[in-house]
Amino acid sequence: MKDNPVQTAAPEPSFRDSVDLMFNRAVRFMTLPPGLEQKIRVCNATYTVRFGVRLRGAIHTFTGYRSVHSEHMEPVKGGIRYAPFVDQEEVEALAALMTYKCALVEVPFGGSKGGLCLDPREWDEEELERITRRFTYELVKRDLIHPAQNVPAPDMGTSEREMAWIADQYRRMNTTDINASACVTGKPLNAGGIHGRVEATGRGLQYALREFFRHPEDVARAGLSGGLEGKRVVVQGLGNVGFHAARFLSEEDGARIVGIVERDGVLWNDDGLRVEVAREWLLRNGGLRDCPGGHFSEDGAAALEAECDILLPAALEGVIHRDNAARIRAPLIVEGANGPVTAAADAILREKGTVVIPDLYANAGGVTVSYFEWVKNLSQIRFGRLQRRAEEARHALLVSELERLSADQGLGWTLSPSFKDRYLRGDDEIELVRSGLDDTMRAAYGAMRALWHERPELGDLRTAAYVVAIGRVAASYRAKGL
Ligand code: GLU
C-alpha cells in the first residue's frame, strides 16, 4: 500500500481544499438548485487585521483573522485560535467546518472562526491580556464580536481566561448592551459561563462513542464487537479535548487508554495509562518524557499506526495524511480535532474499511454547550434555577405517598436509600447541560447513520454527515428565498 501511486502522485491538498473536497464528495449525492452548491461552499468573508501592541519596550505587530463562512443563521459561531502557524486558509477551513458542524447538531448558528498568529507560550499573562483586548477591540469595532452577529469561543491556545478578557472588553465598548455577556462563550463561571463548558468537547466525544457502540451493526462495520469496556484507545494530544475525552472514557466507560501521543513522543502502557497523572506531568514538564505509569518513546508518529481499537486524534489538523493513512491499524477513528484526516487520507481509509466518526459530529460537544451558554446569557438566568426545587418537592410528595401507602397497608415496602437520594434530587445546571448534550449527540448520530445505512453509495459516515448538514443549510437558504 505504501507505494500506491494514488498516494504518491497527487500532492496533499491543503486543509481548506480538504474540507472543500469532502464537501464536493457529498454534494455529488445531492440535488441542489443551480448555483447553491457554490454559494454554500465559499467563505463569505475573511477579515484580516494587523495591529500593534507596545510590549517589552517595542511595538509588536500581530496578525489576526476572523472568517465568516456562512450567515444563513446568525449569530455565526466558532472559536478563536492562538497559534504561530495560523493563516487565512486555516481559519477559512475551520470556519467552513463550523457551518457544517452547527447544522449537523442543530445548533442555530452560522459558521465562523478566528485566529491570532502568535505563540501563546512566548508571552506572559499580562502581555496576552493586552494583546487579546486589542484584538477584541479590532473585531468588536467591526461587529465581528457581537451577541447577535458573531460569537467566538475558545479553541487551540485559548481558554476561559481569554474569553473573560474578550467579554470584558466588549462590555467596556458597549456599556448599555444588556446581552453583552452573550458576545462570547466559554467564559469562566463567575463571568457568565456555564457548568460543563470546559469539558464539553471531551464529553461530547464520550457521548458520540457511547452512541456508536449502542449500534452493534455499526460497531461490526469497524470489525469490532461489544461495548467500550476494555477497548484499547490511543489518544493524540492531551489538551483540553483529548484529556477530558480520555479521562471520561477510561474512568466512566472502562476503556483502556494504552497510548498518549504528545509533542515530544508517546507514553505507552498495554494495561492502560492514568490520564490524570499524564496530564499533570505534561502541564508541569511540557512533555511526557519520564512520566510514570508507562513506557516513553520519541516516536509519536509510529504510535498513531500502532495496533489498537480506537484512535482519537485530538490535536492538530492533517495528522493522518496520504503517507501514513494506509498504515493506520486502528479500525475506528474518532476525530476530536478539526480536520485531523486529510481528504487524501480519507479516501485511503474508506478503501481500507476504517470507520471514521467525523469531526463535524464527534467534536461538536463544544459548540453545543456554547449554544446553551449563549441561551443562558440571553435569558439572564441559570438553567434549573426556577424548576429545581419544585421538581424536588413533587418527587418528595410521591415518595412520602408511597411510604404512607406501604405503612397503611402493611406492605413493608422500603425504597432503597440510593434510589431515594437520586430520585429526590432535582437537576441542576450541570445535569441539564449533560442531558442536552447527550440528546444532541444522539439525535445527530441518528440522522447521520440513517443515511449511512440507507445510501450505501455514500461510503462513509463523513459523507453522510456532510449530506445531512448541507441539506439543512440549503433548506435554510431556500426558506429565505435565496
Ligand atoms: N472551537 C470549538 C470548535 O471547534 C468550539 C466553538 C464554539 O464553541 O463556538 O468547535
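This chain uses plain numbering: 1 for the first residue, then up along the sequence. Note that ligands are numbered from 1 as they come in the structure, with each ligand's atoms numbered from 1 the same way.
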Can you check whether Tyr466 and Tyr100 have ring centres sitting under 6.0 Å from each other? yes
Tell me if the centroids of the rings in Phe383 and His195 come within less than 6.0 Å of each other. no
Once side chain to side chain donor-acceptor pair (under 3.5 Å) is applied, do any residues pair with Lys187, and if so which ones, sequence neighbours excluded? Glu373, Asn377
When the ring centroid of Phe62 is compared with that of Trp123, is the distance short of 6.0 Å? yes
Establish, yes or no, whether a centroid distance under 6.0 Å links the rings of Tyr371 and Phe109. yes
Close residues (non-hydrogen atom under 4.0 angstrom from ligand 1) work out to Lys77, Gly78, Gly79, Met98, Lys101, Lys113, Ala153, Pro154, Asp155, Arg197, Asn338, Gly366, Val367, Ser370
Any Leu304 side-chain heavy atom under 4.5 Å of Gln236 side chain: yes
